[in-house]
Amino acid sequence: ALPPGLRISGRIDRLVVLPDRVLVVDFKTNRPSPDRIEEADPAYLRQMALYVAVLADIFAGRAIEAAIVWTDGPKLMPIPENLLTRTLAELRHAG
């Protein structure tokens with residue numbers, strides 16, 4: 001769930017909806033791209049954690065997965081669920 005009172009606005013670059021899961025993907029053009037997802041700009045991780053929280057409400061019962069595609073490469077970097085959960089918890093705490 002989103003932090004109470006938080007309003008968001010954004011545009012998802014790619015959304016893949018399957019019967020059992022949903023994948024949300026955002027494209028980033030940073031050069032050079034990070035080697036590990038933990039090195040990504042925290043703003044990107046917050047963005048993706050918020051997308052996952054919203055999509056979890058919309059697609060209840062389906063696994064929600066997130067990834068960033070760095071156009072420098074290109075390379076696909078899945079974002080682990082524990083990193084998304086921690087980022088969302090930090091947003092709630094800061095709220």
I need the minimum non-hydrogen distance between F59 and I64, along with the two atoms involved. CB-CD1, 4.2 Å
Interatomic spacing from OG1 in T87 to CG in L83 - rounded to 0.5 Å: 4.5 Å
Pairs touching residues 63-73 that satisfy salt bridge (Lys or Arg N to Asp or Glu O under 4.0 Å), sequence neighbours left out: R21-E65, R31-D72
Considering non-hydrogen atoms only, spot the tightest contact between L84 and A66 and give its length. CD1-CB, 3.9 Å
I would like to know whether I68 and V25 meet side chain to side chain contact (heavy atoms under 4.5 Å, CB included); could you show each step before the answer? CA-CA 6 Å; I68 294 176; V25 179; over 6 Å; no
Not counting sequence neighbours, which residues clear side chain to side chain contact (heavy atoms under 4.5 Å, CB included) with D35? List them please. E39, K75
Donor-acceptor under 3.5 Å (R62 side chain, L18 main chain): yes
Any P80 side-chain heavy atom under 4.5 Å of I37 side chain: yes
Quick check for you: to the nearest 0.5 Å, what is the distance between T85 atom OG1 and I79 atom CD1? 11.5 Å
On a heavy-atom basis, the closest approach of A40 and P34 is CA-CG, 4.1 Å
pair L15-V17: side-chain heavy atoms closer than 4.5 Å: yes
So which heavy atom on A67 is nearest to which on L76, and how close? CB-CD1, 3.6 Å
Treating Ile, Leu, Val, Met, Phe, Trp and Tyr as nodes and any side-chain heavy-atom pair under 4.5 angstrom as an edge, say whether V16 and V22 lie in one connected cluster. no
Could you tabulate the donor-acceptor pairs under 3.5 Å formed by side-chain atoms of residues 42-55, not counting sequence neighbours?
unit_1: Y44; atom_1: OH; unit_2: N30; atom_2: OD1; d: 2.9
unit_1: Q47; atom_1: OE1; unit_2: K28; atom_2: NZ; d: 2.9
unit_1: Q47; atom_1: NE2; unit_2: Y51; atom_2: OH; d: 3.1
unit_1: Y51; atom_1: OH; unit_2: R11; atom_2: N; d: 3.3
unit_1: Y51; atom_1: OH; unit_2: R11; atom_2: O; d: 3.1

A quick test of your reading: do over 12 heavy atoms of other residues, nucleotides or ligands sit less than 6.0 Å from CD of E38? yes
